[in-house]
Structure formats: structure tokens, C-alpha cells
Amino acid sequence: MTLVLMLMLLIIVGAFWIIYRLNVKDIQSELRKNKMYEVEFMTSQLSTQFEQVLTNTIILSQDQSVRGYPYILKFGDQYAKYEMKLTIIDKLALNAASTTWKNTVILYYEDEEETVSSDSSFSFSSFMPPQQGLNRWILHMDEDGKGYYSNVMRSHISSLLIEVRISLENLVKMMGQYVSGTPILYDASQKVFIQTGTEFPEELLQYMLPRINGDSGTLSVNEKRAEYLINYMKSDMLDLYFIDAYPKRQYIEPINRNNRLFLFAVLVVLVGIMFYTLLLRRQVQKPVITLRKAIDRFDRGDFSSRAVDLQVNEFRVLGNSFNRMADNTQMLIEQVLMGEIEVKEAKLKQYQAQINPHFLYNCLNFIQSKASIEDYQAVTAMTLHLGSYCRYINKIEQPDSTLQDELDFVEHYLHMVHLRKKEIIFEIDVTAEAGKYRLPRMTLQPLVENCIKHGIEPSLRPGIISITAKEEDSCLLIKVKDNGAGMNRDKLGAIRRHMDENIISNQQLGTGLRNVNQRLRLYFGKRSGLSLESAPSEGTCYRIRIEKEAEAYSADTAG
């Protein structure tokens, strides 16, 4: 039922998303048309203002005073020259005031090397004619973003150049009246953006720079922080583009608000349905799942598994019945295991209390043979090792020991073997920290004995037994390895199965290994134990794993 509700929710959200995208697409199309009309209107205003300033300047160049000033400069006295210059300056100032844009007109009389302008900084300074081309609007801008547009034309009086300068402040002021979007100007000839107030992100400007061409167009720009709809149009008078950048979120946000309200209403309905579904789940599905998990854990061997927290009466009755069955089963299994453990420990103590007669006979025979040929050094070595070996075995009252004590015991055993069979050598590499770990007594000796008896002796070649131990993040790893005959896959599998059996079988295959594995698990938990790897003619490797967190809580000999 929950999946059906989620599927319904996905269908509703998917349909709503398609409708939302269609609405956004239609609104964006209409907005693009409206914004293009506004851009066209602002571009025409720009062209009109430039044209008006240029037309007034051309009319002014026809004025009698402007045309007659060269004659006064040649033939008039100083007073007439000064009076005529003031008259022209007044007319230039009146011309500048006749338009809404602040502008400056400069007259350059080349033959007379005279400059006249409404700006006194030009009228009473040295003669410096402009260097730009004629009849073109050229942008002059400094590093601070301030500057002006200038247009130089030649009058019908060949020696007169007329320069018109329009400050960029006029354009910025005009752009400030544009409130429908975010305006910016771009001079294509200079490849310069003219900021009109709002600072545009540099990434946005760099994206637009190579894409603005032709007379008009539209761009959709995805900048890191926002998405913009860009409309632009070129002025008729000069290479100046008016650009309008409109953030899409300004028209998408109202739609999103309505969408959120609709989704909220849908979610309220779905929450009500899901609440009823969860109530059913709590009353039926959850108790069934709890009971099923408890049964699965019990089936996998976790006999402590119980069904708890069952609130519904019917399921509580089922859970109590399962718990009583689990208690009885666990009690019976524990009784069987405790009996097995007691038998196992009794056998171990019996094994510790006696020395293998055949091994003892071989050692005494070695001593007798060496004594007969007066090899007292070998006799002494065998006697000392045999004494230490017997002393360790007969400490029945101590159920466990350190890894270092076990290694010392095994080393005595291997020295005795080496004295009798020089072709068998051994290597021990254990760190001091690893040697401090405690483990059940007689854990390593059965493994070493297996290496000799079932590995090296049947191979009829020199043998090497290596013992290593090292700490890892969560456990201690002990490895006992030989280079003997090894075993095939079938025999290896049979031994592994026998090692993991909970109940003792009549099969005697790998009994010593099984005892070691079971004792390690009893002491340190199920995650610890013995494993082995082997292959024919490649030897056998026994691995002991002891979990660190379990080492501090190791069991006693009674389990």
C-alpha cells in the first residue's frame, strides 16, 4: 500500500512538473516579446538623443557668428575678437542647454589655430585639434568607467572642425529610469561594457561578449548564482548595443509560490492517507516482521533470539508461545554443550597429565644412543628440553597462559624434534606485544605436531615450520605453517566441516584441530577460532584469530 501511495505521489508530481514547465515556457516566450519591445523603445531613445545633439550642432555651425569668426581673427582688433568669441561661447552654451543631454561643442579653427567651446578649459587653452576620424561616434573611457562619446565633423568652412562630446553620465542617467530589468550598454567597436549602476558578474559579461552580434537578439545565460534572459538591440547612430538582463527568478518565483501551495495541499491529503497506512503497519505488519526476524535469528543459530515489544494482543500471544519454545530449546542445547565442554576439559587435563609414551620412548632412546657415543652435549640439550616440556605439561591447575609461554613450550618441543631429525627446522617471529596475549594452554602444540606428523614426515624431504604472530586493528593473528605434503581439496573440506560441528561425531578426522577451534570459540567468542589452508605438495597453513575486544572477557575452563 505504501508503494502504491508513493507511485500516486510520483504520478501527481510528474504531471504537475510537466504543466509547470509548459507554463514557464509560455511565460518566457511572452516575456521575451515584451522585453524586446522595451529594448527597442530604449534603443530608439538613445538614437534620438544622439541624433538631436548632432542636428543642433550642425545647425549651430551655420550661425553667422561661427562663420564670420575667422574674418574677425584676421582683420579685427583685440576687442572685436574677444567680443565675438564671447558671443560664440554664449551660443554654444545655449545650444548645449537646448537638449536634455549634457553635451559639449568644441570649434577648432585650423588655419587660425583657435579653439572655441562652452567649456572654458578648451576656449582659453593651446590649440590641439582632435586625432580621431570624421563623422563617427567614438567612445573615450578611462579606467574608472567615466568618459564620453565624441563625433568630429568638418564644416563647409574647410578650416573649421566641430567636435561634439556627450558625457556617459547622460547614458547612465537615462538607464537609471529603466526599471523593467537590469540595463547595460555594450560598445561593439571598442568591445567595452558600460555599467549603468548594477555591477554585472564578470562571468556573465565574458559569456555575452562573443555572442552579441547583428542588430538584435536574445540569449539565455546560466550564471553560477542566477539564470538570466538577455535581450539586446543595436543603435542606428553608432555601434552601441542596449542590453537588458532579466533574472528568470523574478517571473518564475510567483509560479513557484503557487506550485508550492498546490503541492502542500496534495501532501496534506497524502499525509492523511499515509498516517492511516502507518497505523495499519503498526498494528499488523510490524508485529509480523518482528516475529519473523526473531524466528530467522533462531533458525540461524542465535538461540537467545526472542520476540519482544509486541503490542497487539493477538501477536503478543504468538510471541509468548515462540519465546517459551525458544527458552526450552536453548536450555536443552546448553545442557548438551556444557556436558560436551566438561568431557572436553577432562580429556584435556588427562592429556596434559601424561606424555605421549611413543614420544617419550624416542627421546629416552636418543639420550641412550648419544650417551653411548659420549655425545654429552646432545644428551644435555635433550634432557633440558625434555624437562621443560614435562614441567609445562604437568601444570594442570593453570587453564591458560600467555602466548609467549606457549611459544617457549613449543620451542622446547621443536628443539627435541630437531635433535632427533636434523632435516626439520623451525622459525619463530612474534612481537613482544603479541606475546602478552593470554590463550588456552596447549593451543599451539597440537598444530605443530600435525605439521610434523601429517605434513613433513610423509613428504620425505627437509621441512620448515614457521610460527608468526602479529596484531591488527581488531584482532591478533597467529600463523603456523609447514612446507610438507599438504592435502587435497576433499580432505581439506572434510576437516573444515568436522572443525565446525557443534555435536561430536564418531569421525576421528581432525579431532585435535576441532578441539583447538572449539576451545578458542569458548574462550573468545564466535568471531575467534582456527582456520586452515592447504594444497597438495605446498604444505598446510593454520591460522588462529583472536578478537581483541573478546580477549579481556575470555572464559574460564568451564566455558
Side-chain angles (χ1 to χ4, degrees), residues 31-61 95-96 98-106 130 132-142 145-154 162-200 204-221 228-246:
L31 180 65
R32 185 180 292 110
K33 294 179 182 178
N34 294 335
K35 297 300 292 183
M36 186 58 72
Y37 291 146
E38 295 176 359
V39 170
E40 183 178 1
F41 174 75
M42 291 299 298
T43 306
S44 65
Q45 278 195 321
L46 282 173
S47 301
T48 300
Q49 291 293 342
F50 275 96
E51 185 177 6
Q52 183 179 358
V53 171
L54 192 60
T55 301
N56 290 348
T57 304
I58 294 174
I59 294 173
L60 178 64
S61 67
N95 177 75
S98 64
T99 61
T100 57
W101 276 12
K102 179 181 177 182
N103 61 86
T104 302
V105 180
I106 310 169
Q132 71 182 55
L134 300 178
N135 300 319
R136 289 185 57 196
W137 288 101
I138 304 298
L139 174 63
H140 304 269
M141 191 165 61
D142 54 24
K146 298 180 180 180
Y148 59 90
Y149 271 100
S150 68
N151 190 314
V152 178
M153 66 187 76
R154 184 172 293 279
I162 305 174
E163 181 181 4
V164 183
R165 294 187 179 184
I166 298 177
S167 174
L168 292 181
E169 294 178 1
N170 299 300
L171 282 73
V172 173
K173 184 177 179 180
M174 182 178 179
M175 295 302 102
Q177 300 173 0
Y178 186 80
V179 296
S180 177
T182 305
I184 187 173
L185 298 174
Y186 171 65
D187 189 288
S189 61
Q190 302 289 333
K191 297 188 181 303
V192 174
F193 286 97
I194 304 172
Q195 302 281 0
T196 59
T198 304
E199 290 293 333
F200 273 71
L204 182 60
L205 297 179
Q206 294 300 324
Y207 179 86
M208 291 191 299
L209 188 62
R211 292 170 173 79
I212 296 178
N213 51 57
D215 294 333
S216 63
T218 302
L219 299 173
S220 182
V221 181
Y228 290 89
L229 178 64
I230 307 295
N231 293 283
Y232 62 89
M233 181 168 288
K234 183 179 180 183
S235 173
D236 296 333
M237 295 294 297
L238 62 169
D239 290 336
L240 182 65
Y241 286 88
F242 176 83
I243 303 172
D244 172 67
Y246 191 82

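Quick caveat, the model's predicted, so the values are computed rather than measured. Reckoned from all heavy atoms, side chains included, excluding hydrogens, waters and symmetry mates.
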Using 0.5 Å steps for rounding, measure from the [atom1] atom of [X] to the [atom2] atom of [Y].
X: I106; Y: T57; atom1: CD1; atom2: OG1; answer: 11.0 Å
X: F41; Y: T48; atom1: CZ; atom2: OG1; answer: 9.0 Å
X: M36; Y: T218; atom1: CE; atom2: OG1; answer: 3.5 Å
X: D187; Y: I194; atom1: CG; atom2: CD1; answer: 6.0 Å
X: M233; Y: I243; atom1: CE; atom2: CD1; answer: 12.5 Å

If every non-hydrogen atom of [X] is compared with every non-hydrogen atom of [Y], which pair is closest and at what distance?
X: N56; Y: S98; result: ND2-OG, 3.3 Å
X: Y186; Y: I212; result: CD2-CG2, 4.1 Å
X: F193; Y: M141; result: O-CE, 4.3 Å
X: S47; Y: D236; result: OG-N, 3.2 Å

Can you confirm whether [X] sits close enough to [Y] that some side-chain heavy atom of one is under 4.5 Å from a side-chain heavy atom of the other?
X: F242; Y: P183; answer: yes
X: L46; Y: M175; answer: yes
X: Y148; Y: H140; answer: yes
X: L54; Y: M153; answer: yes

Parallel, tilted or perpendicular: which fits the ring planes of Y232 and Y241, with parallel below 30° and perpendicular above 60°?
perpendicular
Would you say T99's side chain and N95's backbone share a donor-acceptor pair under 3.5 angstrom?
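No: the side chain of T99 does not pair with the backbone of N95.
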Between Q132 and S150, is there a donor-acceptor pair closer than 3.5 Å when you use the side chain of the first and the backbone of the second?
yes
Would you check, one step at a time, whether the test side-chain contact (heavy atoms from CB on, under 4.5 Å) holds for Q45 with M42?
CA-CA 5 Å; Q45 278 195 321; M42 291 299 298; 3.7 Å; yes
Please assess W101 against Q52 for the test side-chain contact (heavy atoms from CB on, under 4.5 Å), listing each intermediate value before the final yes or no.
CA-CA 10 Å; W101 276 12; Q52 183 179 358; over 6 Å; no
Let me see the working for Y149 and V53 under side-chain contact (heavy atoms from CB on, under 4.5 Å), right down to the final yes or no.
CA-CA 12 Å; Y149 271 100; V53 171; over 6 Å; no
Pairing residues for D239 by the salt bridge (Lys or Arg N to Asp or Glu O under 4.0 Å) criterion, not counting sequence neighbours:
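With neighbours one apart ignored, the set is K234.
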Going by salt bridge (Lys or Arg N to Asp or Glu O under 4.0 Å), name the pairs with one or both residues in residues 36-59, residues two or more places apart or in two chains.
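Non-adjacent pairs meeting salt bridge (Lys or Arg N to Asp or Glu O under 4.0 Å): K35-E38.
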Please determine whether side-chain contact (heavy atoms from CB on, under 4.5 Å) holds for the pair L238 and N151, giving the CA-CA distance in whole Å, both sets of side-chain angles, and the decisive distance to 0.1 Å.
CA-CA 10 Å; L238 62 169; N151 190 314; over 6 Å; no
Determine all donor-acceptor pairs shorter than 3.5 Å in which one atom belongs to a side chain in residues 165-172; sequence neighbours excluded.
residue, atom, partner, partner atom, Å
R165, NE, E163, OE2, 2.8
R165, NH2, E163, OE2, 3.4
S167, OG, E169, N, 3.2
N170, OD1, K102, N, 2.7
N170, ND2, K102, O, 2.6
N170, ND2, S167, O, 3.1

